[in-house]
Number of protein chains: 2
Amino acid sequence: MARRPTVPPRSTPPRQADAAQRILNAAYRLFVAHGYHGSSMRRIAAEAGIALGGVYNHFPGKRQLFTAVFLEYHPYRELIPAIEAAGGNTVEAAVRDAAERLLATMHGRPDFINLMFIEVVEMHGENLPALFAVILPRLSTAMQRLTAAGSGLRDLPPPVFMRAFVGMFFSYVITEQMLSPETLAAFPPDTLERFVDIFLHGVVEDGKQGPLPAAGIGPQR
Amino acid sequence: MARRPTVPPRSTPPRQADAAQRILNAAYRLFVAHGYHGSSMRRIAAEAGIALGGVYNHFPGKRQLFTAVFLEYHPYRELIPAIEAAGGNTVEAAVRDAAERLLATMHGRPDFINLMFIEVVEMHGENLPALFAVILPRLSTAMQRLTAAGSGLRDLPPPVFMRAFVGMFFSYVITEQMLSPETLAAFPPDTLERFVDIFLHGVVEDGKQGPLPAAGIGPQR
DNA sequence: CCTACCGATCGGTAGG
DNA sequence: CCTACCGATCGGTAGG
């Protein structure tokens with residue numbers, strides 16, 4: 001019964017972090033390593049330092065546990081601020097800055113891709129609407145601010161611009177994760193900058209491009 | 001013992017297709033629907049119309065069965081020819097034609113993405129080197145032919161050009177699969193053409209681009 | 001190619 | 001929050 005002055009009174013002494021947090025973290029690590037069906041509740045409980053039955057005091061079932069992991073560990077919480085923090089005197093500079101910041105953020109979360117894959121394949125995308133409902137409005141606002149920094153942009157629907165930028169970035173990240181080190185050695189170290197450059201200016205030399213697909217021209221049903 | 005003239009003599013009458021083929025097909029359908037750990041050998045056997053034990057006469061184990069499915073059902077067998085069949089009078093036209101042909105091919109195989117996801121997450125990418133060893137040389141040759149159709153291309157390392165083109169295309173396909181119909185309604189019907197157009201000419205208006213990141217400028221270690 | 005079986009493990013719950 | 005248990009199912013194999 002010795003007094004421990006610096007410890008605030010608690011009804012139950014918490015071991016390390018909150019049990020729910022430890023479960024979430026263990027589940028996250030196992031899910032991204034082995035997938036949803038490849039991770040058992042028993043193993044998750046063990047890695048969280050808790051008995052199997054105890055997990056069900058915090059989460060009603062395995063599916064709900066994954067949903068919680070997906071929404072709490074999805075890196076959009078870091079990626080959106082990265083875009084919001086980007087800026088520059090021209091649209092070009094702002095786009096380049098955003099890509100750099102996104103890459104730096106993603107390099108701390110290489111397992112994010114796995115989280116998305118599990119969601120799409122094993123959960124059949126049931127959590128995607130909830131995720132995009134949070135992401136898309138914020139992303140849209142951030143992109144608008146980024147591209148409003150100057151004129152000089154071709155006339156594109158903002159959703160298309162946004163989707164193309166996000167696609168360009170993630171296609172770089174995903175291929176970087178999938179290709180072997182030997183294959184990646186064939187790429188220059190500034191490949192991301194070149195991706196951004198293609199996004200900004202294209203692969204065709206200036207003044208050489210053919211007719212733009214204006215409205216009324218081309219396949220149109 | 002009635003004579004059946006049109007049936008060639010066989011030691012064992014094959015029910016429908018070859019048993020190995022039926023197993024492969026059942027495994028493919030189940031894997032892409034529920035993932036690797038979410039598909040049992042029992043269920044695969046049942047869907048193939050065979051007893052569990054019979055599967056092991058054709059495949060030594062579950063992992064090897066997935067490997068066989070992955071390599072035999074991967075749509076690169078259709079995607080590469082689609083690129084090889086593309087052409088045009090200018091690089092622009094050839095790139096547009098390739099994208100169109102790829103999209104038409106992919107629309108017949110919407111589950112291909114799942115196959116790749118399972119490979120990356122649940123199989124830890126162990127079959128990727130074998131796959132890329134087959135794909136990359138053929139893809140490289142096809143892209144070279146495509147871009148040799150005319151000049152007018154900016155000076156880019158061919159692997160970067162190839163990776164950016166493939167990334168542009170698949171980022172379109174994957175987002176098309178992940179976004180909800182309501183979200184997709186915000187995009188114009190010619191969004192793929194616009195993706196290709198950004199790939200060709202960029203998002204920045206002509207004559208407005210800033211200094212290109214020439215060698216010697218920018219972060220370089 | 002099937003039947004019958006192996007030990008192991010699954011998600012989940014009762015009861016305390 | 002744990003112990004002990006439920007029925008179901010897992011990948012794989014023996015033996016024919």
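Both backbone and side-chain heavy atoms feed into the values below; hydrogens, waters and symmetry mates do not. Computed from a predicted structure; not experimentally measured. In the text below, chain A, chain B and the rest are named by the order of the sequence lines, each starting its count at 1.
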Decide, yes or no, whether a salt bridge links B/R77 with B/E72 under the criterion of side-chain N to carboxylate O below 4.0 Å. no

Does C/dT13 pair with anything, Watson-Crick or G-U wobble, both distances under 3.5 Å, and if so, with which nucleotide? D/dA4

Assess whether a salt bridge exists between A/R22 and A/E47, defined as any Lys/Arg side-chain N lying under 4.0 Å from an Asp/Glu carboxylate O. no

Yes or no on salt bridge (charged side-chain N to carboxylate O under 4.0 Å, His left out) for A/R145 and A/E84, after CA distance, side-chain angles and deciding distance? CA-CA 8 Å; A/R145 191 190 57 81; A/E84 289 171 344; over 6 Å; no

Which letters describe nucleotides 5-16 of chain C, given B = protein heavy atom under 4.0 Å from base, S = only from sugar-phosphate, - = neither? B----BBBB---

A/A19 side-chain proximity, nearest of C/dC1, D/dC1, C/dT3: D/dC1

Students often mix this up, so state it plainly: with edges at 30° and 60°, are the rings of A/Y73 and A/Y28 parallel, tilted or perpendicular? parallel

Is the A/Y36 ring parallel, tilted or perpendicular to the A/F31 ring (thresholds 30°, 60°)? parallel

